[in-house]
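Read the structure below first, then the notes.
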Amino acid sequence: MENFYITTPIYYVNARPHLGHAYTTIVADSISRFHKLMGAETYFLTGTDEHGDKIVQAAEANNQSPQEYVDTISGLFRNLWPDMGISNNDFIRTTEPRHVKVVQEILQKVYDKGDIYFGEYGGHYCFGCERFYTEKELVDGLCPDHLTKPEYISEKNYFFKMSKYQGWLREHILKNPDFIRPERYRNEVLSLLESGALEDLCISRPKSRLTWGIELPFDKDYVTYVWFDALINYLTALEYPEGDKFGKFWPVANHIVAKDILKPHAIFWPTMLKAAEIEPYQHLNVHGYWLIKDTKMSKSLGNVVEPLKMKDTYGMNAFRYFLLREMSFGQDSSFSEEALVGRLNADLANDLGNLFNRTLAMTHKYFGGNVPAPEVEDVIDAEIKKLGQDAMQSFQDNFAQFKFSRALEGLWELVRGLNKYIDASAPWTLFKEKNMDRLSTVIYVLLENMRKIALHVWPVMPDASEQMLEQLGLSFDVNKYNLAKELDVWGLLESGSVVAKTSNLFPRVELPEPKPEAPKAKKQEKAKKAKKNESAEAGPTYAEFEDFTKLDLRVGTVLDVEPHPDADRLLLVRVDLGEAEPRQVVAGIAEFFKPEELKGKQVVLVANLKPRKIRKQLSQGMILAVKSGDGLQLLTTTQPVEPGSKAS
Ligand code: MSP
């Protein structure tokens with residue numbers, strides 16, 4: 001089995017991690033686990049991209065130095081991954097010395113070879129994209145992505161002779177049909193390469209304009225353009241040029257990206273590698289975008305899906321299953337909690353969960369929980385075995401080609417087939433008829449197939465898979481099992497071993513209902529009743545400690561305040577919680593405070609209150625206050641603390 005190297009894009013630290021980042025990283029994790037379970041040695045890399053204008057601007061907006069700022073946001077990514085079941089081997093940051101060294105080495109090599117030259121360039125520069133646009137690329141004079149007017153900048157810079165490698169790259173893509181996959185992206189790149197001459201790539205920024213970057217080894221007045229720096233991370237982590245890992249994993253390098261960064265990965269990167277005399281990567285795997293109701297996720301629309309929240313509500317395994325099953329890799333997909341709930345109930349609770357619950361219960365009812373030995377084989381058993389082999393083959397073939405949705409669909413043929421097999425062979429009748437030989441075979445066929453299914457879902461739902469195997473009396477060990485062998489072996493589950501009584505791994509889920517606002521009168525009545533109960537025999541209502549820990553109370557500093565445009569009682573308070581972006585809170589405190597009185601004050605915020613729109617304005621938390629007489633006092637700390645400090 002070949003080794004396998006898988007990378008995610010290194011994420012910009014100017015935004016908090018969201019569904020899109022989680023998807024790519026979960027895909028990388030799943031494919032890495034898959035190859036591991038197929039017997040390969042794998043290396044899985046993710047990390048953060050920390051240089052460039054964008055980062056400097058975000059740090060400034062946050063009143064932090066770039067270093068402080070990148071440390072914080074990079075930490076958010078790093079800390080999220082274990083919660084998503086991610087098993088990366090390395091986490092790289094472009095601000096690390098090991099990376100700076102490799103970038104400078106490669107720059108020097110390409111420079112010495114004569115593929116980097118100094119020249120003058122004037123162009124339309126979009127700070128959001130951190131790149132120059134040609135007149136032709138602008139839409140009505142605006143950046144096509146940000147719809148803002150780029151600045152015309154003319155300056156001396158260093159250029160990489162990308163155009164020199166255009167012909168070579170085209171040939172390479174033609175000779176290697178799956179260099180870029182799926183095919184639509186390969187075609188997109190080929191037509192880009194065929195539509196005209198590639199321009200050379202401007203790979204420096206003068207320090208007079210930007211210092212937050214890697215200094216060019218041959219000119220200390222310039223730093224490296226962020227993309228030339230970032231792409232090299234894939235080599236740094238393998239300890240290029242001398243590391244063993246480089247020799248072992250670079251020939252099997254697989255990158256995963258979404259379509260937004262196709263061009264840098266499909267054109268800049270291979271030509272950079274060629275110039276540095278390094279073999280091209282093996283595959284570029286490109287996926288589409290997660291959309292929310294057919295529009296892009298964006299902070300300003302307030303529709304950003306937070307992966308942690310999804311994991312907390314539905315569980316990590318189910319969330320991962322949904323993402324891989326729902327999106328056809330390569331195409332855009334719409335995310336909604338309705339779709340998620342529907343899929344979990346149908347595929348996990350009804351199909352897989354039921355299969356486990358029914359079979360385990362029958363094993364207990366008919367055999368006291370012991371795996372029976374197969375006795376009398378029937379045609380129906382041979383049929384289901386064949387179905388199983390086909391399903392597993394389809395799963396493995398499709399998974400290896402990044403067709404995750406099809407792979408799972410294929411495997412579920414077996415899950416559903418087994419449920420039908422139960423109905424068709426009617427174990428309850430066999431039991432009534434005391435046909436124990438047949439009954440033993442039916443239960444064994446079910447349990448052995450369940451073992452195979454549990455193993456196959458490990459790349460996607462690692463914890464659930466291990467628990468399923470445990471319920472079958474087995475303990476998982478990645479070195480002990482091999483998916484490829486499962487196509488041929490039968491009967492690994494030992495007769496006589498003991499299985500669990502129930503499974504209940506995949507309960508039915510419901511869409512969390514937004515709590516309807518009780519009418520005022522009803523509310524007051526309810527409150528009165530509660531008070532009465534409290535003073536009578538019921539005693540106070542206690543909150544469990546667990547309930548208290550669900551609240552994320554944080555101290556933040558008020559940055560600015562303005563009146564709500566549509567409501568006199570409300571203020572829009574922007575609070576710094578030490579995150580990438582300040583929070584906006586809509587607070588009903590206008591009658592007690594003037595906006596300028598609040599500026600600079602520290603307040604206590606319920607930071608994980610579900611964001612909601614109040615009179616069309618997004619509110620991302622609640623400020624805690626105390627009513628006192630006719631006035632209102634805000635909760636705060638006795639001494640100023642770091643914004644974002646957690647109250648406990
Ligand atoms: N820093 C660069 C990448 C440098 S790699 C050498 C960058 N960072 S990013 O933070 O903007 O991440 C972009 C990537 O995040 C996408 O390519 C994709 O992997 C993921 N996604 C971001 N939004 C997404 C969706 N809405 N849907 C799916 N994936 C998305 O670009």
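In this chain, numbering begins with 1 at the start of the sequence shown. All ligand and atom numbering here is 1-based and tracks the order in the structure.
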Please verify the inter-ring angle class for Tyr23 with Phe329; under 30° counts as parallel, over 60° as perpendicular, anything in between as tilted.
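Geometry flag for Phe329 against Tyr23: tilted rings.
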
So which heavy atom in the protein is nearest [atom], and how far is it from that ligand atom?
atom: atom 12 (O) of ligand 1; answer: Tyr11 CD2, 3.6 Å
atom: atom 29 (N) of ligand 1; answer: His287 CE1, 3.4 Å
atom: atom 31 (O) of ligand 1; answer: Ile261 CG2, 3.5 Å
atom: atom 10 (O) of ligand 1; answer: Tyr12 N, 3.0 Å

Give a yes/no verdict on whether any heavy atom in [X] is under 4.0 Å from an atom of ligand 1.
X: Tyr289; value: yes
X: Gly288; value: yes
X: Lys259; value: no
X: Lys296; value: no
X: Tyr234; value: yes

Distance-only N or O hit between ligand 1 and [X], under 3.5 Å:
X: Asn233; result: no
X: His265; result: no
X: Thr24; result: yes
X: Trp290; result: yes
X: Ala258; result: yes
X: Ile10; result: yes

Keeping the roles fixed (side chain from [X], backbone from [Y]), state whether a donor-acceptor pair exists under 3.5 Å.
X: Asn79; Y: Gly75; answer: yes
X: Gln584; Y: Leu618; answer: yes
X: Asn176; Y: His172; answer: yes
X: Lys149; Y: Leu142; answer: no
X: Asn88; Y: Asp90; answer: yes

If we count only N and O atoms by modelled type, under 3.5 Å, do the side chains of Asn254 and Tyr5 hold a donor and an acceptor together?
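No donor-acceptor contact under 3.5 Å links the two side chains.
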
Where on Trp227 is there a heavy atom closer than 4.0 Å to ligand 1, on the side chain, on the backbone, on both, or on neither?
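Contact part for Trp227 vs ligand 1: side chain (C-beta onward).
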
Numbering the atoms of ligand 1 from 1, which are under 4.0 Å from a heavy atom of [X]?
X: Ala230; answer: 6 (C)
X: Asp49; answer: 1 (N), 2 (C), 4 (C)
X: Asp260; answer: 13 (C), 16 (C), 17 (O)

Which one of Ser298, Pro17, Gly20 has a non-hydrogen atom at the shortest distance from atom 21 (N) of ligand 1?
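Among Ser298, Pro17, Gly20, the closest heavy atom to atom 21 (N) of ligand 1 comes from Gly20.
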
The one among Met297, His21, His18 that brings a heavy atom closest to atom 23 (N) of ligand 1
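Nearest option to atom 23 (N) of ligand 1, by heavy atoms: His18.
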
Taking the side chain as C-beta and beyond, is there a heavy-atom pair between Thr271 and Lys161 under 4.5 Å?
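Of all side-chain heavy-atom pairs linking Lys161 with Thr271, none is under 4.5 Å.
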
Can the positive tip of Arg209 be found less than 6.0 Å from the middle of the six-membered ring of Tyr125, inside 45° of the ring normal?
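Checked: cation-pi criterion met.
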
Could you tell me if Arg131 sits above the aromatic ring of Trp227, with its cationic atom closer than 6.0 Å to the ring centre and no more than 45 degrees from the axis?
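Not satisfied by the 6.0 Å and 45° rule.
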
Near Arg406 CZ, under 6.0 Å, is it more than 12 heavy atoms from other residues, nucleotides or ligands?
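Counting other residues, nucleotides and ligands, CZ of Arg406 stays at 12 neighbours or fewer.
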
Could you check whether atom CD of Glu242 has more than 12 heavy atoms from other residues, nucleotides or ligands sitting under 6.0 Å from it?
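At most 12 heavy atoms, drawn from other residues, nucleotides or ligands, come within 6.0 Å of this atom.
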
Kindly state whether the ring of Phe4 and the ring of Tyr43 have centres lying under 6.0 angstrom apart.
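Here the rings of Tyr43 and Phe4 have centres that are no less than 6.0 Å from each other.
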
